[in-house]
Amino acid sequence: MAKKRIIETNEGIQGELTVEIFNNFARNMRDKGWNNVDSIIKVGITKGNVLEIGPGPGYVGLEWLKRSPDATLTGCEISRNMIRLAEKNVHDYGFESRAKYVEGNCMQMPLPNSSFDAVFSNGSLHEWEDPIKVFNEIDRVLKPGGLFCVTDMRRDVSPIIKWMIYASTKPKEIRPGFLSSLNAAYTILEITNFLSRSNLKDADIQSAFFGLCISGKKG
Ligand SMILES: C[S@@+](CC[C@H](N)C(=O)[O-])C[C@H]1O[C@@H](n2cnc3c(N)ncnc32)[C@H](O)[C@@H]1O
């Protein structure tokens, strides 16, 4: 049975220094190919006008754009400092004409109804205070038939896997933050319950080696 959840909000990574350390961590994950881009593509999200929730420094979306030449990307991110980093990274990837970021809280996104062909998010769910509100927001901004894919870590992993990931997390300064994120992550059971009370009730939930993947299509 998983330990009780310990809340972590986005406030933990707002500062300029923490954001810079997170950027190094996310770049490392990108370089190892551990960023769930395969899951997003496997769900069928490969083209159109696509929204990323909680892009942080942007590597997941930018790597996905690299493999999805017929797509454009909008990121909805709550932290101004993260957006600053993501915009710099967009420039380094040469994707200025295909990616942009809006500052906003995903529980109430400053984006119109039925405006996206697909929505994805990686590693942000554990920071959402009210996942049901965000699931309903995903449903609201998606066009009919639009696809979604939300990936994150899960709290109900085995202690051995937890230790393996902890020990391979770099830079070392991020390890305490990694543990607090894992302690804040939702279990498969909790997510199943949230989805059943949201407008995404037909979503599929897959339990992965270290995390979870929620996916589906708006009816
Ligand atoms: C752990 S980072 C993951 C960043 C990136 N998706 C990745 O996989 O590397 C989580 C991101 O979600 C953002 N976030 C957390 N809560 C949010 C909210 N309510 N609305 C929008 N963004 C949020 C944080 O500011 C942060 O950039």
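Everything numeric in this text was worked out from a predicted model, so none of it was measured. In listed order, ligands and their atoms are each counted from 1.
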| More than 12 heavy atoms of other groups within 6.0 Å of Glu103 CD | yes

| What residue pairs, at least two apart or across chains, pass side chain to side chain donor-acceptor pair (under 3.5 Å) with a residue in residues 166-180? | Glu8-Ser180

| said: Please determine whether any non-hydrogen atom of Phe22 lies less than 4.0 Å from an atom of ligand 1. | reply: yes

| note | The reported gap from CZ in Arg154 to CD1 in Ile191 (rounded to nearest 0.5 angstrom) is 12.0 Å

| If you measure every N/O of Glu77 against every N/O of ligand 1, is any gap under 3.5 Å? | yes

| said: Checking Arg67 now: which residues fulfil salt bridge (charged side-chain N to carboxylate O under 4.0 Å, His left out) with it, not counting sequence neighbours? | reply: Asp38

| task | Please indicate whether Lys143 has more than 12 foreign heavy atoms, meaning atoms of other residues, nucleotides or ligands, lying under 6.0 Å from its NZ. | result | yes

| field | CD1/Ile161: more than 12 non-hydrogen atoms of other groups inside 6.0 Å | value | yes

| Which is closest to atom 23 (C) of ligand 1 by heavy-atom distance: Ile83, Ile78, Asn36? | Ile78

| task | For ligand 1, find out whether one of its N or O atoms is nearer than 3.5 Å to an N or O atom of Met107. | result | no

| Between Arg197 and Asn193, is any side-chain donor less than 3.5 angstrom from a side-chain acceptor? | yes

| query | Based purely on interatomic distance, does Gly54 place a nitrogen or oxygen under 3.5 Å from a nitrogen or oxygen of ligand 1? | reply | yes

| query | Based purely on interatomic distance, does Ser79 place a nitrogen or oxygen under 3.5 Å from a nitrogen or oxygen of ligand 1? | reply | no

| What atoms of ligand 1 come within less than 4.0 Å of a heavy atom belonging to Gly104? | 20 (N), 21 (C)

| Does NZ or CZ of Arg5 fall inside the cone over Tyr186's six-membered ring, less than 6.0 Å from its centre and within 45° of the axis? | yes

| Which of the atoms of ligand 1 are close to Gly56, meaning less than 4.0 Å from one of its heavy atoms? | 4 (C), 27 (O)

| said: With heavy-atom distances below 4.0 Å as the criterion, list the atoms of ligand 1 near Val60. | reply: 7 (C), 8 (O)

| query | Any idea which part of Ser181 is under 4.0 Å from ligand 1, heavy-atom wise: side chain, backbone, both or neither? | reply | neither

| Are Asp31 and Arg27 close enough for a salt bridge, meaning some N to O gap below 4.0 Å? | no

| said: List ligand 1 atoms under 4.0 Å from Asn105, heavy atoms only on the residue side. | reply: 18 (C), 19 (N), 20 (N)

| query | Backbone or side chain, does any N or O of Asn122 fall under 3.5 Å from an N or O of ligand 1? | reply | yes

| query | Of all the heavy atoms in Met82, does at least one lie under 4.0 Å from an atom in ligand 1? | reply | yes

